[in-house]
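Shown next, in C-alpha cells, is the structure this report addresses.
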Number of protein chains: 2
Amino acid sequence: MNRGRRPGQVSSRDAVLRAAREQFSRKGYDAATVRAIAAEAGVDPSMINHHFGTKEQLFMAALESPVDPKDHVSAVLSGPRADVGERLVTRFLTVWDSPAGAAGVAVLRTAMQHEWSAALVREFILNRAINPLLAGLGVPAEEASWRGNLVASQLSGLILTRYLIKLEPIASAPHAVVVRALGPTIQRYLTGNVAGERPVLVSEAGD
Amino acid sequence: MNRGRRPGQVSSRDAVLRAAREQFSRKGYDAATVRAIAAEAGVDPSMINHHFGTKEQLFMAALESPVDPKDHVSAVLSGPRADVGERLVTRFLTVWDSPAGAAGVAVLRTAMQHEWSAALVREFILNRAINPLLAGLGVPAEEASWRGNLVASQLSGLILTRYLIKLEPIASAPHAVVVRALGPTIQRYLTGNVAGERPVLVSEAGD
DNA sequence: CAACTAATTCAACAAGCGTTGAATTAAGTG
DNA sequence: CACTTAATTCAACGCTTGTTGAATTAGTTG
C-alpha cells in the first residue's frame, strides 16, 4: 500500500485529526461540525468522509487514546500506601493537562448528550482505571465498587470545575495546591473509613 | 388582560413547559428540539413561538427556578458547626432529587456546550449558594474562594456521577449512605485544613 | 348577532447539517 | 510515455433545525 503518495508527506489527515481533537474537546460531538473541523484544518469537508468515512468514525479516530491507564495505575501503586491518594491526584492532573486530556474532555462533553458516550466513560473510568487501582491496593471486592464511585465523583468533579466550567481559582491552580487539597480526600475514599463499607446499602430507609 | 380565554383553562402553556423541562434536562439545550418538545406536549411547534417567543426564551422560562438558595443556606447553617458538612450534603441531595433538580440538570448539561450557560452555573453555584454559606460560617475572605471551589468540585462531581453519567451504586444509593461518605469531605473543605490556605498560590512551581 | 381577541393549525421559509458522486489534479510505477 | 491510484475540488442532495405568516377556530364582550 501507500502507493501514489509522496513518502514524507502525510497529506491533510493529521491536520484534520488535530482540528477534530480541538473542536470535539472544545464543543462536544454535536456542536463540533464537520464543516468547522474541515475549515480549521484548511481542507474541503468532503475530505473528512474520504479519509475517515463518517463523522462518528472521525470522532473515534480522534479519540484513539495514546493513554494506557495500566502504566499510570502501576506508577500510582508504587510507593508508600499512605500517599497513594496524593500520587493519584498528581498523575491525574498531569494526564488531563496534557494534550491527551483533550480527548478526555471531548468524550466527557459528549457523554452529557449521548448515552453511548456516557457508557464509554463508565467503562473506561471504572473498569480500566479505578478498579485495577483498587485491586492493586487489595481492596475487598464488596467495597471496591463503592470506593471507586467515590473516587470517580471527586475526580470527575475536579475535571468539571477545572476544565469545563472553569471555576477560579481551581481552574488555574498549580498541581501541588490541588494535590494537597484533594489528596487526603482520595486517600480516605481509597483506604479509609467511608461509611457504608460495613452495610453497603443499609436498608431502603435513608431518603 | 386574559380576555378571550376560558377562566379555568391554562391552554397548552403548562404542557409545553412541562415537556420542555423534561426534554431540556434529559438532552440539554441543543439536543432538545422545539419540535420534540411540541410533540411531547401534544402541540404544534409554532405554538412555542407564539407563547414564548424563541427557543432560548422557552429555555429560560422552563428554568425559572422555584429554588431559593437562601432558605437552604440558613437551614444548613443552623445546627452544630461540626455537622455542617453532612447537613449540606443532605440538603443538596434533597434538592437535586426533587423536580426542581431537573432544571439544574438541564442547565448543567447545557453548560457543557455553551459558555453562557457555564457562566450561569458559575454565578449561581458560587455567588448564590456556596459563598453565602461560607460567609455565614465566618470563613475569611481570602480562604473562601478556594474552599468554595473545593466544595463545588466534590458536589458537582456527585451530580455528574449520580445524575448524568449514572455510575452505580452511587446513582441509586440512599441519601444517608452518600451523606456519610461525602459529609466528612465537605466538612474538611468548609472548615478543616486544606493546604494552600496559608499560601493560596505558592508559586508557579508545582506542575 | 357582530366584533374582537386569543389560540390553534398549516404550509413554507432560510439556514445549517452530514454525506455523496462525479470531475480534476498530482504523484509514483511499469 | 501511458497507467494507476490516491488526493483534492466542486456542486449538489436529502434532511432537520428554528422560525414565520397567513388562514382558521373558538370564546368572550359589547
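These numbers were taken from a predicted model, which means no experiment stands behind them.
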Is B/H51 near enough to C/dT8 that one of its side-chain N or O atoms lies under 4.0 angstrom from OP1 or OP2? yes

Check the phosphate of D/dT8 against A/S12, side-chain N and O only, distance under 4.0 Å to OP1 or OP2. Yes or no? yes

To the nearest Å, give me how far apart [atom1] ([X]) and [atom2] ([N]) are.
X     : N      : atom1 : atom2 : answer
A/E56 : C/dT19 : CD    : P     : 9 Å
B/I48 : C/dT9  : CD1   : P     : 13 Å
A/R35 : D/dT17 : CZ    : C1'   : 14 Å
B/R13 : C/dT8  : CZ    : P     : 12 Å
B/D30 : C/dA15 : CG    : C1'   : 16 Å
A/H50 : C/dT24 : NE2   : C1'   : 13 Å

Which comes earlier along DNA chain D counting from the 5' end, the contact point of B/Y29 or that of A/S46, where each point is its nearest nucleotide? A/S46

Does the distance from a Lys or Arg side-chain N to an Asp or Glu carboxylate O, for B/R91 and B/D71, drop under 4.0 Å? no

Is it the case that the side chain of A/E123 and the backbone of A/L120 share a donor-acceptor pair, with hydrogens and angles ignored and the cut-off at 3.5 Å? no

Checking B/S172 against B/E168 for the side-chain hydrogen bond (donor to acceptor under 3.5 Å, both in side chains) test, could you report, in this order, the C-alpha distance in whole Å, the side-chain angles of both residues, the deciding distance, and whether it holds? CA-CA 7 Å; B/S172 313; B/E168 292 296 349; 2.8 Å; yes

